[in-house]
Amino acid sequence: MTKLIQWQEIGNSRVILRLDLNVPLKDNTVESDFRISKSLPVITELLSRNNQLIILSHLGRPSVEKPEPSLSLRVVCEHLSKMLHEPIKFVDQITDQITFGEYKIIMFENMRFFKGEVDNDPELAKVISSHGDFFVFDAFGVSHRQESSTTGLMNFLDYAAGPLIQSEVSAAKNILEDPKKPLCTIISGAKISTKISLIETFSNKADYLILGGGLLNTYLHCKEFEVGNSLIERDLQQEVVDFFESDNAKKIIMPIDLVCSSDVTLDNPKIKNISMLQSSDKVLDIGTRSIERYADIIKKCSTVFWNGPLGYVEKKPYDKGTESIINVLADSNCFSVIGGGDTVSVIENMGVEDKISYISTGGGALLKYIEGKDLTVIKKLGL
Ligand code: ADP
Ligand code: MG
């Protein structure tokens with residue numbers, strides 16, 4: 001039987017370390033190293049206690065039959081090695097014949113290249129475990145998955161929760177269990193169906209609810225506002241309709257104006273009052289007066305939870321609403337937790353990461369955690 005231990009107690013050992021180095025790549029280089037930099041403390045601390053490390057991660061969703069070379073972790077390995085000023089041995093085949101040689105760190109190829117990872121095949125976990133004495137799990141981003149490199153290895157080695165997943169879970173718990181009031185929740189992004197459980201969870205706790213993006217368009221459409229050919233979800237789940245009609249929906253702060261375009265190229269942005277939209281308009285961001293209204297609310301709040309960009313942030317100037325609200329949070333003293341891949345990349349591009357209380361590396365896992373779903377890994381880690 002394996003047991004849960006504390007990662008700080010591990011020394012002079014071979015440690016299998018599961019990280020989330022699933023970072024965006026562009027032109028075969030690392031586009032954002034936010035997740036890598038968040039993983040540096042556990043690596044350096046384990047090394048300082050004279051451990052040797054085997055680092056495991058996944059990257060994207062490759063096919064096991066024909067792994068895409070573009071999803072190799074090799075470039076990530078080189079990037080990490082530079083950040084650590086430490087050579088790393090890259091291993092692309094998992095066998096029982098792996099040696100550290102003169103290296104302190106080995107990194108395996110993308111775990112999802114290997115048959116058995118996603119199916120949680122104990123054979124794969126067994127071979128990997130033969131190279132380690134302990135297993136440290138510090139990949140919050142896959143804490144909602146039962147795979148060889150998550151729960152699989154916990155059946156073969158004594159295991160511990162790393163410091164990053166501990167702080168991720170404690171930030172999420174803080175927001176869920178004991179948020180300092182008033183609490184404002186901003187939920188935005190593309191599709192309401194992927195975020196309805198999040199909205200339901202927070203609408204009970206929050207004092208104010210701000211919607212944006214496709215979620216706001218869909219809400220406005222249901223309230224019989226013209227939203228032209230904006231991004232909306234037409235086939236609404238009953239859950240969404242029920243929420244819109246519930247008392248909690250009264251916590252939604254209505255926007256005043258929106259930025260839209262009627263060009264196919266999405267150029268020539270216009271700011272329009274929410275009741276002035278026409279059938280040819282496509283809503284792409286919140287307007288200046290909405291930004292002011294939302295900013296006034298946020299400034300009154302002690303806690304803010306935010307997931308999903310407020311506009312079509314990939315094209316300027318439709319990132320203005322999102323950036324303005326990030327600046328409001330950066331300048332305020334409230335406790336702010338922000339998650340979601342696209343939301344976090346806007347913050348990184350602005351370079352204000354240090355001014356936000358907590359930025360989650362979790363992506364979909366954070367949403368699952370908040371919804372109370374798929375918590376096997378979290379429970380095993382005693383978090
Ligand atoms: P996150 O990754 O932060 O959880 P989502 O993946 O749910 O966020 O949503 C992000 C996507 O939503 C972005 O690609 C963004 O362009 C898009 N989006 C937000 N608002 C709009 C809008 N008004 N029109 C079209 N796309 C939008
Ligand atoms: Mg996204």
Side-chain angles (χ1 to χ4, degrees), residues 20 22-24 31-32 34-35 60-61 140-141 144 168 172 175 185-199 201-202 210-221 225-234 240 255 257-267 269-272 274 277 280-287 290-291 294 304-326 329 336-350 353 356 358-371:
D20 177 5
N22 182 28
V23 294
E31 194 184 13
S32 154
F34 175 64
R35 282 182 166 160
R61 292 167 191 255
F140 183 56
H144 56 317
E168 290 272 3
I175 288 276
T185 303
I186 308 171
I187 302 181
S188 183
K191 290 168 101 184
I192 196 156
S193 52
T194 60
K195 300 195 176 174
I196 184 66
S197 311
L198 196 65
I199 296 176
T201 304
F202 275 107
I210 291 176
L211 299 182
L215 285 70
L216 176 63
N217 297 340
T218 306
Y219 178 66
L220 292 176
H221 175 70
F225 283 89
E226 172 68 73
V227 288
N229 54 23
S230 302
L231 174 70
I232 63 165
E233 246 173 308
R234 286 181 198 279
V240 176
D257 53 358
L258 296 164
V259 185
C260 60
S261 168
S262 48
D263 282 19
V264 260
T265 57
L266 306 183
D267 291 313
K270 291 186 192 70
I271 299 190
K272 291 192 178 180
I274 53 165
L277 292 163
S280 56
D281 287 329
K282 197 180 185 95
V283 173
L284 296 158
D285 197 9
I286 53 170
S290 304
I291 295 174
Y294 293 171
V304 174
F305 172 78
W306 182 1
N307 176 281
L310 292 165
Y312 181 57
V313 285
E314 288 87 344
K315 186 173 166 70
K316 283 193 181 304
Y318 308 114
D319 52 354
K320 185 173 171 227
T322 306
E323 291 201 348
S324 307
I325 299 298
I326 290 172
L329 282 173
S336 48
V337 175
I338 306 186
D342 293 288
T343 323
V344 172
S345 36
V346 180
I347 300 173
E348 281 180 83
N349 290 337
M350 292 169 66
E353 299 94 308
I356 305 296
Y358 200 83
I359 300 176
S360 174
T361 60
L366 175 68
L367 305 195
K368 293 280 183 196
Y369 179 82
I370 288 171
E371 291 162 14

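One-based numbering, in listed order, for ligands and for the atoms of each. Sequence positions, counted from 1, serve as the residue numbers for this chain.
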Of all the atoms in ligand 1, which lie at a distance below 4.0 Å from a heavy atom belonging to [X]?
X: Val283; value: 22 (C), 23 (N), 24 (N)
X: Val313; value: 16 (O)
X: Gly340; value: 1 (P), 2 (O), 3 (O), 4 (O)
X: Gly308; value: 3 (O), 8 (O)
X: Asp342; value: 1 (P), 2 (O), 3 (O), 5 (P), 6 (O), 8 (O), 10 (C)
X: Gly189; value: 7 (O), 9 (O), 12 (O), 19 (C)

Any chance NZ of Lys272 has more than 12 other-residue heavy atoms, nucleotides or ligands included, within less than 6.0 Å? yes
Please check if the side chain of Tyr294 supplies one atom and the backbone of Ile286 the other of a donor-acceptor pair under 3.5 Å. no
Backbone of Gly60 reached by a side-chain donor or acceptor of Asn22 within 3.5 Å: yes
Checking one value in my table: which N/O/S atom of Asp342 lies closest to the Mg ion (ligand 2)? OD2
[atom] - nearest protein heavy atom and its distance:
atom: atom 18 (N) of ligand 1; result: Gly311 O, 3.6 Å
atom: atom 3 (O) of ligand 1; result: Thr343 OG1, 2.5 Å
atom: atom 26 (N) of ligand 1; result: Leu231 CD2, 3.5 Å

Would you say [X] and [Y] make side-chain contact, with heavy atoms under 4.5 Å?
X: Leu216; Y: Leu310; value: no
X: Ser32; Y: Ser345; value: no
X: Ser230; Y: His221; value: no

Under a 4.0 Å threshold between the charged nitrogen and the carboxylate oxygen, would Asp267 count as salt-bridged to Lys315? yes
From the list Ile370, Thr201, Ile338, side-chain contact (heavy atoms from CB on, under 4.5 Å) with Phe305 holds only for Ile370
With backbone taken as N, CA, C and O and side chain as the heavy atoms from C-beta onward, which portion of Glu314 lies under 4.0 Å from ligand 1: side chain, backbone, both, or neither? side chain
To the nearest 0.5 Å, how far apart are CG in Leu211 and CG in Leu220? 8.5 Å
Are any of the N or O atoms of Lys195 closer than 3.5 Å to those of ligand 1? yes
To atom 9 (O) of ligand 1, the nearest of Gly363, Gly364, Ala190, Gly214 on a heavy-atom basis is Ala190
